[in-house]
Enquirer: 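Here it is: the structure, laid out below.
Quick note on labels: first sequence line is chain A, next is B, and so on, each numbered from 1. A quick note: this is a predicted structure, and the numbers were derived from the prediction, not measured.
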Protein chains: 2
Amino acid sequence: MLDDRKRKILQTIVDDYVTTAEPVGSRTLARKYSLGISPATIRNEMADLEILGFLEQPHTSAGRIPSPRGYRFYVDCLLAPPKIADSDAKLITNWYESRVRSLEEVFQETAKIISRMTHAVSLVTAPQISKALFKYLQFLPLDERRAIVVVVTDAGYVENKVIEMPAGTSFQDLQEIAANINDKLAGLSFGQIKHSVLREIRNDILSNPALFETALAVLRQALAVERSEKVYLGGATQLLAQPEFRDVDKIRGLLTMLEEEKLLSDILHMQDGEGVVVTIGQENKYSGIQNCSVVQATYRVEGQVIGTLAVLGPTRMEYGKIMAVLEFMHQHLGETLKKYKAF
Amino acid sequence: MLDDRKRKILQTIVDDYVTTAEPVGSRTLARKYSLGISPATIRNEMADLEILGFLEQPHTSAGRIPSPRGYRFYVDCLLAPPKIADSDAKLITNWYESRVRSLEEVFQETAKIISRMTHAVSLVTAPQISKALFKYLQFLPLDERRAIVVVVTDAGYVENKVIEMPAGTSFQDLQEIAANINDKLAGLSFGQIKHSVLREIRNDILSNPALFETALAVLRQALAVERSEKVYLGGATQLLAQPEFRDVDKIRGLLTMLEEEKLLSDILHMQDGEGVVVTIGQENKYSGIQNCSVVQATYRVEGQVIGTLAVLGPTRMEYGKIMAVLEFMHQHLGETLKKYKAF
DNA sequence: TATTAGCACTCCTCTCAATCGAGTGCTAAC
DNA sequence: GTTAGCACTCGATTGAGAGGAGTGCTAATA
């Protein structure tokens, strides 16, 4: 598609532009990097690359910047397989060791360290309970009127909720109900439970009508433990350091969007592919981030995908480094979570 | 201290400056507000107010802006007792009803709505478990090697953790341990437990040396459920709309600070007073926010202080409205939490 | 034929001075 | 005590000019 020299020049332009944020001129390029060719030659090649759609010119007498297509080619064809620097890997390992003490902190700190290393915003989705399997529920006494229902998933994840005990119900009754329910639901996913199994239980419990209403009321409360998918956000301020966002108005829209959790999940859910995936500029479906790029990877525990890691930044981003960091992190996170034995 | 006319002028200047963000001149003031006096008179009064330290001049030929002392006087003496608008109160009530479904969302949405109404950053601290009273703990089976320890507080708040069962320990053993521990710890605060009671238990358990090590190991794990105080942040982007932060560099420091949760707790903990408290500019101890003001209030459930609500914004903020919102919210939040019966 | 040097041209950016205007302080009149 | 009038101040805006990085084209070179 492109001869070696054009590739080399395109690559050098991207590399330079990513670090300097200034349009790259032929003279600068020749002086700064020893390409063995003169500025004039570079100019000719640049003109070609522009016609081919890999470069753009902000205005007539400026240097070139990579076009979205240029970035795409760079990412697909010019980038060496992303490999994280040893020092970075060590830094991440240490960070986890020194800062993470609980499951929730795993996600928080993961988001934090990714943004720290990539100078962009990071997004980490935590696993959703609706994909988990119901193991059992149990009631714990609280006082005369209230009890705590604890729902345990197959993997040991626990959600709990304080519930009102319906009038005339004893704690004993609750335990009966629990036994009944556990029989029925063990091994089902929360998604399944919500949509189809409730009705069946209802019929079953009809055989003991005394507890019918209580059981259903309690169960409904118990299943409300499910919470919507949580997105951990890290380092939104990193964006402020980028020249792209030197203008306050430009960044405001983006940050406002980042405060909308729903949008974030949407952005991340668009991608379920394998490995590290890059979405550049207008390739993004959501128009609010069409001057941004997203790099994302899923992470797994014991083979099962349970969440997504992503980095959001200006299209002028360090694709190589970011991909390497995510490549490393999605594995490392899986292992860390295994240690927490919660999934 | 100040005669009526000076008060009126100072108040008008603060009100105008808060909305326009422009230094207020005598001519503008006379034209915009019907004070019944001429620009020249206003000029004289302004000069007096400046000498008294209530106003400042950015430069010789600019209008006046309130000094920190001016804001202080405005807040202490010129502001009518903060009263929330009925429409705002209704808006808040509706917001809760339509958006809040779980305890955690109470805090998230509280932060969100406060910032929405005040156009500034809001901070909401969630209750800390270390102030809560231990009620009991219970083990739930998970598999051969692992169990879940559930710690319940007096008020029904639940924390849980997956623990490794020490080799050679049966689930039966765990339940014995639980009974023993619950006897000892019921009614104590987590703070107390951590610092003094553990030793006692250790001696007690010595009478059953078989379980000694197991019990301590398990208990240590169980108590690690405590997490540090969480601060919910809302509407950091609101700051971007303020002219004070039109310059990206100015806002970066502030936003970076807001990402440091520790600092936030510090800022909020400086104030344990009664009612709504305002801290203006350099009155803040932390130098990073000395061009900002903080308005905060504690909230209670059944008489006990359990957290703080705060608003952080430029010193040029709508003190009256913000105080009214917090006044309303700290009560409303208390009631909402009572509904959730978790404290 | 591919590469390079030279050159005229473009257009952004920075600087500096002139202008504008909102606001002040002072003085004198009311 | 209040107000009108006026000279003065000083930041903000505007516009012209210089500087510089970069381009495209042409002609010379290897």
Enquirer: Can you check the B:Ile13 CD1 to C:dG23 P distance for me, whole Å?
Expert: 12 Å

Enquirer: Heavy atoms within less than 4.0 Å of DNA chain D: which residues of residues 63-71 of chain A have one? Give them sorted by number.
Expert: A:Gly63, A:Arg64

Enquirer: Can you list everything that forms a side chain to side chain donor-acceptor pair (under 3.5 Å) with B:Ser26? Sequence neighbours excluded, please.
Expert: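 Per chain and number, B:Ser26 pairs via side chain to side chain donor-acceptor pair (under 3.5 Å) with B:Arg43.
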
Enquirer: Would you say the side chain of A:Leu78 lies within less than 4.5 Å of the side chain of A:Arg7, judging by non-hydrogen atoms?
Expert: yes

Enquirer: Hey, is B:Lys112 close enough to A:Glu259 for a salt bridge, meaning N to O under 4.0 Å?
Expert: no

Enquirer: Holding to ring-ring contact (aromatic ring centres under 6.0 Å, His included), I want the full list of residues that pass it with B:Phe245, two or more places apart in sequence or in another chain.
Expert: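 In terms of ring-ring contact (aromatic ring centres under 6.0 Å, His included), with neighbours along the sequence ignored, B:Phe245 is linked to no residue.
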
Enquirer: What residues from residues 14-30 of chain B pass a heavy-atom cutoff of under 4.0 Å to DNA chain D?
Expert: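 Output list: empty, so none.
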
Enquirer: Would you tabulate the nitrogen or oxygen pairs shorter than 3.5 Å linking the protein to nucleotides 14-21 of chain C?
Expert:
none

Enquirer: Can you check the A:His59 NE2 to D:dG24 C1' distance for me, whole Å?
Expert: 16 Å

Enquirer: May I have all residue pairs that pass side-chain hydrogen bond (donor to acceptor under 3.5 Å, both in side chains) and include part of residues 242-256 of chain B, sequence neighbours excluded?
Expert: B:Gln242-B:Arg316, B:Glu244-B:Arg316

Enquirer: Check whether A:Ser34 reaches the backbone of A:Gly36 with its side chain - one donor and one acceptor, N or O, closer than 3.5 Å.
Expert: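 No.
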
Enquirer: Strictly distance-based, threshold 3.5 Å: is any side-chain N or O of B:Thr118 a donor or acceptor partner for the main-chain N or O of B:Ile114?
Expert: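 Checking the backbone N and O of B:Ile114 against the side chain of B:Thr118, a donor-acceptor pair under 3.5 Å is found.
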
Enquirer: Can you check whether B:Ile13's main-chain N or O pairs, donor with acceptor, with B:Asp16's side chain at less than 3.5 Å?
Expert: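 Side chain of B:Asp16 to backbone of B:Ile13: no pair is present.
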
Enquirer: Which atom pairs, donor and acceptor, lie under 3.5 Å between side-chain atoms of residues 45-53 of chain A and protein residues at least two apart or in another chain?
Expert:
residue	atom	partner	partner atom	Å
A:Glu45	OE1	A:Lys6	NZ	2.9
A:Glu45	OE2	A:Arg5	NE	2.6
A:Glu45	OE2	A:Arg5	NH2	2.8
A:Asp48	OD2	A:Lys6	NZ	3.4
A:Glu50	OE1	A:Arg64	NE	2.7
A:Glu50	OE1	A:Arg64	NH2	2.9

Enquirer: Answer yes or no: is there an ion pair linking A:Asp4 with A:Lys8, defined by an N-O contact shorter than 4.0 Å?
Expert: no

Enquirer: Ignoring hydrogens and angles, write down the donor-acceptor pairs under 3.5 Å from the side chains of residues 318-328 of chain B, residues two or more places apart or on other chains.
Expert:
residue	atom	partner	partner atom	Å
B:Tyr319	OH	B:Ser293	OG	2.7
B:Tyr319	OH	B:Thr315	O	2.6

Enquirer: What residues, two or more places apart in sequence or in another chain, satisfy ring-ring contact (aromatic ring centres under 6.0 Å, His included) together with B:Tyr74?
Expert: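 Once residues adjacent in sequence are excluded, B:Tyr74 has no partner under the ring-ring contact (aromatic ring centres under 6.0 Å, His included) criterion.
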
Enquirer: Pull out every protein N or O sitting under 3.5 Å from an N or O of nucleotides 27-30 of chain D, one pair per line with the distance.
Expert:
none

Enquirer: I need the residues from residues 40-58 of chain B with at least one non-hydrogen atom less than 4.0 Å from DNA chain D; give them sorted by number, or say none.
Expert: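 Within this stretch, B:Ala40, B:Thr41, B:Arg43, B:Asn44 sit under 4.0 Å of the strand.
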
Enquirer: Is there a side-chain contact between B:Leu312 and B:Ile289 (heavy atoms, below 4.5 Å)?
Expert: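 Heavy-atom side-chain distance check passes, below 4.5 Å.
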
Enquirer: Hey, could you give me each pair passing ring pair (Phe, Tyr, Trp, His ring centres under 6.0 Å) that has a residue in residues 6-50 of chain B? Not counting sequence neighbours.
Expert: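 Of all non-adjacent pairs touching residues 6-50 of chain B, none passes ring pair (Phe, Tyr, Trp, His ring centres under 6.0 Å).
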
Enquirer: Is there a side-chain polar atom (N or O) of A:Thr60 under 4.0 Å from OP1 or OP2 of C:dT10?
Expert: no

Enquirer: With heavy-atom distances below 4.5 Å as the criterion, would you say the side chains of B:Thr125 and B:Ser265 are in contact?
Expert: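 They are not in side-chain contact.
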
